[in-house]
Visitor: 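One structure follows; several queries about it will come next.
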Amino acid sequence: MPETISEQDFEHSALAFLEANAEPRVEARQSWGEGSDQVSILPERTLEEERAELTAARAWAQKRFDAGFSWITGPVEFGGQGLSREYQRSYDALEAGFATPPMSAYGIGLGMVAPTILAHATDEVKGRYLRPLWRGDIVACQLFSEPGAGSDLASLKTRAVRDGDEWIVTGQKVWTSGAHLSEIGEIMCRTNPDAPKHKGLTGFVVDMHAPGVEVRPLRQMTGGASFNEVFFTEVRIPDSHRLGDVNGGWTVALTTLMNERAAIGGGMASGGGGNMGTQRLIELVRHQGRADDPLVRQQLADIIINGRVASFTNLRAMAKIATGQLPGPEMSISKLTLTMNMRRVSDLVAAVLGPRLVADTGEWGTYAWSKFVLGLPGMRLAGGTDEILRNIIGERVLGLPKEPSAQK
Ligand SMILES: Cc1cc2nc3c(=O)[nH]c(=O)nc-3n(C[C@H](O)[C@H](O)[C@H](O)COP(=O)(O)OP(=O)(O)OC[C@H]3O[C@@H](n4cnc5c(N)ncnc54)[C@H](O)[C@@H]3O)c2cc1C
């Protein structure tokens, strides 16, 4: 695609590509009792279903990349199109009108790992991984959290010890979403145990199929197994796969975490964020004969209003990102608003369904809500826990004094 293509010509060729390769999206209005009644937050697919979804996503990603509509804003030398964000927005708006496969397997790789590689990796690593990541040939995961390091990420213990041109990594990561499907991972390791905790970390790109890497699925209480424990036993990583400076990993981690908030926010702004199923909730209330109950109506109104507040706050943050600014506390506010709203949904569903939330009576659209209620704690943890987000809002928005431990 020519670098100087006008927006009009770009849209014209994007539409031609979409019309030739996808069907227009038809919004099926589902009636009560018809089709699947699933309202889960976390993915609940079997491994076979996940693999089938990935195969479909990969076929679409490859076709889209080869036509020049995947990494529209990326640098040309690494496989991007070198165009501005306006072109990306135009393409996204056009693609939204077509039925395309779910791309969730690529969310972490493209939303968080690829931007970090672009910002901090050597040219060798950029050349080796950015194109296959964006073409969907490979999947990437984020190897940050450990059994003793989640909110306090800087206290992580996985060690990387230098051995000539390589690093030897030993330790354990946990809650690694999609590690079982990934070819590479972004790993944060301790390289100087004697330095203050934020100053002894280094980031790397690790080959998930290297000898010494063991991925063990973790089953969620809702039944699915979308994340894993990952064990590293003397895994060798070439120094060329280092991200940023030795002991400069905190800056690298912040790049990833900023992009994580933006990726979560982008999903929420476009109506995602865990299939809250507002329409389904309204129908549930109607079908259970509670639509005239003033307290239930009040709760429903609160849920709808707060859902809109979360998505508008996200749009504000997205607009900031689009002008090249860093996402600020808006992301924390909107994620917290979203999870608080999910709690309201859980409370309302529990009040309306009573024991049918925990005992399957076989009635369509009732017991299915148990997966939503049981998935909520995960949403309140992932991407910053409710309490950590409150700390951020307290300190950065309200100007309250920092936590005593953070003042040291
Ligand atoms: C669905 C899901 C997907 C995930 N995917 C990934 C992934 O792909 N890669 C990855 O690396 N990690 C992933 N995580 C892990 C996630 O980043 C951590 O769960 C999160 O950072 C919290 O860490 P923790 O679970 O260790 O809880 P902890 O940090 O131990 O927190 C426990 C409790 O203490 C509270 N708390 C902690 N510190 C403070 C404080 N200073 N002030 C007040 N309260 C505090 C917390 O709010 C929480 O309620 C995922 C988690 C979930 C739920």
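Ligands are counted one by one from 1 in listed order, and the atoms in each one are counted from 1 as well. Computed over heavy atoms, backbone and side chain alike; hydrogens, waters and symmetry mates excluded.
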Visitor: Could you give the distance from CZ (R85) to OG (S90), rounded to the nearest 0.5 Å?
Guide: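 R85 CZ to S90 OG: 13.5 Å, rounded to 0.5 Å.
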
Visitor: Select the closest option to atom 3 (C) of ligand 1 among G378, P147, S177, judged by heavy-atom distance.
Guide: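 The option holding the nearest heavy atom is S177.
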
Visitor: Kindly say whether the aromatic ring centers of F69 and Y87 come within a distance under 6.0 Å.
Guide: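 Not under 6.0 Å, so no.
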
Visitor: Is the cationic atom of R216 (NZ for Lys, CZ for Arg) positioned less than 6.0 Å from the six-membered ring centroid of F231 and within 45 degrees of its normal?
Guide: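 Because its charged atom sits under 6.0 Å from the ring centre and within 45° of the axis, R216 does stack over F231.
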
Visitor: Below 3.5 angstrom, do we get any N/O pair linking D152 and ligand 1?
Guide: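 No; every N/O pair is 3.5 Å or more apart.
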
Visitor: If you measure only the distance, is there a donor-acceptor pair under 3.5 Å linking the side chains of T313 and S334?
Guide: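 Short answer, no.
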
Visitor: Under 3.5 Å, is there a donor-acceptor pair linking the side chains of E86 and S84?
Guide: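 Side-chain D/A pair, E86 to S84: present.
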
Visitor: Out of E146, K173, E387, whose heavy atom is nearest to atom 48 (C) of ligand 1?
Guide: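 Selected option, by shortest heavy-atom distance: E387.
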
Visitor: Is the closest N or O pair between N391 and ligand 1 shorter than 3.5 Å?
Guide: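 N/O-N/O distance under 3.5 Å: yes.
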
Visitor: For F144, counting its heavy atoms only, list the atoms of ligand 1 lying under 4.0 Å from any of them.
Guide: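 Listed by number with element: 11 (O).
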
Visitor: For ligand 1, find out whether one of its N or O atoms is nearer than 3.5 Å to an N or O atom of L143.
Guide: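 No, since none of the N or O atoms of L143 sits under 3.5 Å from an N or O of ligand 1.
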
Visitor: Might you point out which heavy atoms bring I41 and F372 nearest each other, and give the distance in Å?
Guide: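 The pair with the smallest heavy-atom distance is CD1-O, 3.4 Å.
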
Visitor: Regarding atom 20 (C) of ligand 1: of the candidates N228, I41, L381, L153, which has the closest heavy atom?
Guide: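 That would be L381.
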
Visitor: Which ligand 1 atoms, with their elements, are less than 4.0 angstrom from a heavy-atom of I388?
Guide: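 Contacts of ligand 1 toward I388, numbered from 1: 38 (N), 39 (C), 40 (C), 41 (N).
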
